[in-house]
Amino acid sequence: MSTVVVTGGTGTVGRAVVNALVDAHHDVVVTSRSTSSVHGRVRTVRLDYGSPADLEAAFHGADAVVHCATSFTGVRGGETELGRRVLAGARRAGCGHVVYISIVGIDRIPLPYYRAKLATEELVENSGVPWTILRATQFHELVTRLLSGLTRPPLVLVPDVPVQPVAAEEVGARLAALAAARPAGRVPDLGGPEITTLPALARSYIAAIGRRRRVKAVRLFGSVFAGYRAGHHLAPDDATGTITYQDHLDAWVRHRR
């Protein structure tokens with residue numbers, strides 16, 4: 001049993017990390033901008049990411065920090081500056097392990113957010129704190145949020161790109177296991193169990209919610225979409241997830257009823 005801090009522990013993957021850690025009988029500290037509380041093994045601490053003292057106090061006594069918080073709007077410099085501050089706090093607190101969740105393809109697709117994630121990976125690697133980095137493909141939940149907006153018009157225009165979505169709960173479980181283990185550096189990527197296309201998932205989404213829509217695949221141009229079309233965001237050799245997007249949709253629809 002150990003104590004693990006989860007930044008962004010109320011977000012999509014952060015909640016999954018917290019649940020997996022609790023199931024494994026670890027004590028968990030969740031950082032929050034708004035509130036403090038204690039529920040069983042989970043202690044939520046109010047934290048100002050701009051305060052070195054707050055960060056050091058939150059990380060004090062932790063065996064590991066799982067850094068899931070992202071693009072914190074209160075920190076100028078976004079993802080990279082947030083990572084810099086979290087790493088500095090972990091180093092000052094004497095934390096022995098930082099686990100960072102990243103994204104497959106950030107080194108090959110020139111999206112600004114991906115560049116920031118890549119720069120943050122480099123900060124982690126050079127932080128002086130023992131580290132582990134896991135890259136994952138896109139979460140089912142992110143795909144669903146995207147499709148929720150794209151499928152509102154009668155004619156649904158969807159970028160013709162391949163996708164390999166993975167369940168956030170499976171990513172969270174992997175991160176929790178990594179946090180409880182020794183620092184491992186860059187570990188194998190975690191991809192969803194199937195590679196399909198975004199238009200195909202749009203049709204599945206429309207069928208699941210009972211809409212009648214025509215889906216048209218569209219080819220977008222530019223270096224970013226060229227990278228997506230080439231599949232640089234996929235992990236075909238690391239398709240170790242087991243929950244399909246249809247599994248996710250079925251559970252999501254049941255939950256909405």
* Parallel under 30°, tilted from 30 to 60°, perpendicular over 60°: which one fits the rings of Y114 and Y228? -> perpendicular
* To do: Please confirm whether the backbone N or O of V4 pairs with a side-chain atom of D63, one donor and one acceptor, at under 3.5 Å?
  => no
* Note, L82 side chain near H67 side chain (heavy atom, < 4.5 Å) -> yes
* Is it true that E81 and R85 have a side-chain N and a carboxylate O under 4.0 angstrom from each other? -> yes
* Structure fact -> Quick note, side chain to side chain donor-acceptor pair (under 3.5 Å) partners involving residues 168-190, not counting sequence neighbours, are E170-T242, R174-T240, R186-D189
* Got a salt bridge between D107 and R135, using NZ or NE/NH1/NH2 to carboxylate O under 4.0 Å? -> yes
* For L234, which fellow cluster members are found when Ile, Leu, Val, Met, Phe, Trp and Tyr are connected by side-chain heavy-atom distances below 4.5 angstrom, either directly or through intermediates? -> I195
* More than 12 heavy atoms from other groups under 6.0 Å of CZ on R92 -> yes
* Asked: How about T137 and Q164: does a side-chain donor come under 3.5 Å of a side-chain acceptor?
  -> no
* Asked: Around atom NE2 of H232, are there more than 12 heavy atoms of other residues, nucleotides or ligands at under 6.0 Å?
  -> yes
* Asked: Looking only at atom types and distance, does a side-chain atom of T132 sit under 3.5 Å from a main-chain N or O of A184, one as donor and one as acceptor?
  -> yes
* CZ (R211) with more than 12 external heavy atoms under 6.0 Å -> yes
* Asked: Do Y49 and V86 touch side chain to side chain, with heavy atoms closer than 4.5 Å?
  -> yes
* To do: Please indicate whether R91 has more than 12 foreign heavy atoms, meaning atoms of other residues, nucleotides or ligands, lying under 6.0 Å from its CZ.
  => yes
